[in-house]
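All remarks here apply to the structure that follows.
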Amino acid sequence: MTRAAQIHSSAIVEPGAQVGAGCIVGPFCHVGPDVVLCDGVELKSHVVVTGDTVIGEQSVVFPFCVIGEIPQDRKFEGEATRLRIGARNRIREHVTMNTGTAGGGGVTRVGDDGLFLAGCHVAHDARIGDRVTMVNSSAVAGHCIIEDDVILGGLSGVHQFVRIGQGAIIGAVTMVAQDVIPYGLVHGPRGQLEGLNLVGLKRKGVSRSDITALRAAFQALRQGDGTFHDRARRLADESESAYVDRMLAFVLEQSDRHFLTPI
């Protein structure tokens, strides 16, 4: 433990824990023996960090979070698994993030610069990308892949093994049970792919030509001869936009779930 860390007198930091320079461990926190807090991590108060867990530099964890506890999975039998959280994340009150399972690869991963609002849950073996926003009480089930720049609306849920592509947005109170294409817009009690995340694309400064290409590709996926995958393969041969290429590559990758298709 570095002397530069600030550990409140009421906090418990077990022997073996690694606490980096500039860390702050607030009142009534509990840090387990296999935990690594990288430089500049702050645990506000009443935070539990346990298991084989690494929290990346400059991340802040707010009160009553439980980070690195064992999976909520009947198949888990106490095997050694891990949780890896990237840098500069903001993890708000009552968030839970679990370690992995042997059957899912043994590790849950969270990228950099995420914002996880109060009451969110990241389940075992999930892979969360960079700059992901999970709004209050949203939940990602086991084995999901959430790519960069995704927004999950409040009270939304993502079914196990689902993939959500880069830049997609999921509306509030939405259940997502099938894969979502990059930049997709999904909303409804049983999520439907209603369009593209045009607001998010414009905020990121995506060019008008790329947005136009994405809209044309979306319409071509919606209508035409053959299956959804057939239409994607034809579009892949014609695309001149990197954003469209990414969408089509996502569609054509191997998946454990069906896709939400345009309505």
Side-chain angles (χ1 to χ4, degrees), residues 49-56 65-86 89 91 95-112 114-117 119-135 137-171 173-184 186 190-193 228-229 246-247 249-261:
V49 187
T50 187
D52 183 349
T53 297
V54 176
I55 300 181
C65 291
V66 180
I67 307 298
E69 261 295 358
I70 63 173
Q72 300 175 62
D73 187 333
R74 290 182 182 273
K75 299 186 295 300
F76 182 72
E77 296 181 343
E79 62 268 23
T81 57
R82 308 176 302 285
L83 170 64
R84 298 292 181 262
I85 299 172
N89 286 286
I91 302 173
V95 169
T96 54
M97 296 183 177
N98 294 159
T99 58
T101 64
V107 60
T108 304
R109 295 190 183 277
V110 176
D112 300 335
L115 176 58
F116 302 87
L117 300 185
C120 294
H121 177 62
V122 176
H124 60 89
D125 307 296
R127 287 188 283 162
I128 310 295
D130 298 337
R131 300 175 301 279
V132 168
T133 299
M134 292 181 61
V135 183
S137 300
S138 56
V140 173
H143 313 281
C144 290
I145 299 173
I146 312 297
E147 294 189 350
D148 298 346
D149 303 305
V150 168
I151 298 174
L152 300 180
L155 295 166
S156 61
V158 183
H159 192 284
Q160 62 184 357
F161 294 102
V162 160
R163 300 180 303 147
I164 298 183
Q166 180 174 350
I169 185 168
I170 309 301
V173 200
T174 296
M175 177 61 201
V176 184
Q178 294 172 302
D179 289 354
V180 178
I181 60 173
Y183 319 112
V186 173
R190 295 296 280 189
Q192 295 180 315
L193 183 60
F228 186 67
H229 278 82
R246 180 168 186 84
M247 178 190 291
F250 183 94
V251 171
L252 296 173
E253 286 175 355
Q254 178 63 36
S255 175
D256 294 312
R257 306 288 298 176
H258 294 296
F259 278 89
L260 289 175
T261 54

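Residues: numbered from 1 along the sequence shown. Since the model is a prediction, treat every value here as computed from it, not as a measurement. Because only heavy atoms are used, hydrogens play no part in the values below, and waters and symmetry mates are left out as well, while side chains stay in.
Counting non-hydrogen atoms of neighbouring residues, nucleotides and ligands closer than 6.0 angstrom, the CZ atom of Arg257 exceeds 12 such neighbours. Taking a 6.0 Å sphere around CZ of Arg127, one finds it holds 12 or fewer heavy atoms contributed by other residues, nucleotides or ligands. Heavy-atom neighbours of His229 NE2 from other residues, nucleotides or ligands within 6.0 Å: above the threshold of 12.
Here CD1 of Ile151 is found 12.5 Å from CE of Met134. Values are rounded to the nearest 0.5 Å. If you take CZ on Phe161 and CD1 on Ile145, they are separated by 10.5 Å, rounding to the nearest 0.5 Å. Here the CG atom belonging to Leu117 is positioned 7.5 Å from the OG atom belonging to Ser138, to the nearest 0.5 angstrom. Leu83 contributes atom CG, which lies 11.0 Å from atom CG of Asp125 (distance to the nearest 0.5 angstrom). The line from CD of Gln166 to CZ of Arg131 is 7.0 Å long, rounded to the nearest 0.5 Å. From Asn89, atom CG reaches atom CD1 of Ile67 across 10.0 Å, with rounding to the nearest 0.5 Å.
The side-chain hydrogen bond (donor to acceptor under 3.5 Å, both in side chains) check on Glu253 picks up Arg163, with sequence neighbours excluded. In this structure Ser156 satisfies the side-chain hydrogen bond (donor to acceptor under 3.5 Å, both in side chains) test with no other residue, sequence neighbours excluded. Looking at residues two or more places apart in sequence or on another chain, you find a side-chain hydrogen bond (donor to acceptor under 3.5 Å, both in side chains) between Glu147 and Arg246.
Tyr183 has its side chain out of reach of Phe250: every pair of non-hydrogen atoms, C-beta onward, lies at least 4.5 Å apart. In this structure, Ile164 and Leu152 have side chains that are in contact, with non-hydrogen atoms separated by less than 4.5 Å. For the pair Asn98 and His121, the minimum side-chain heavy-atom distance is below 4.5 Å. Using a 4.5 Å heavy-atom cutoff, the side chains of Met97 and Ile128 are not in contact. Side-chain contact between His159 and Asp179 is absent, with no heavy atoms from C-beta onward closer than 4.5 Å.
For the residue pair Thr174 and Val186, the shortest heavy atom distance occurs at CG2-CG1, 4.0 Å. Taking every heavy atom of both residues into account, Thr99 and Thr108 meet most closely at C-OG1, 3.3 Å. In terms of heavy-atom proximity, Ile181 sits nearest to Ala168 at O-CB, 3.8 Å. Pairing each heavy atom of Gly191 with each of Leu260, the nearest pair is O-CD2, 3.1 Å. Among all heavy-atom pairs drawn from Lys75 and Asp73, the shortest one is N-OD1, 2.8 Å. Scanning all heavy atoms of the two residues, the minimum distance from Gly100 to Phe76 falls at O-CE1, 4.1 Å.
With hydrogens and angles disregarded, a donor-acceptor distance shorter than 3.5 Å links the side chain of Asp130 to the backbone of Asp112.
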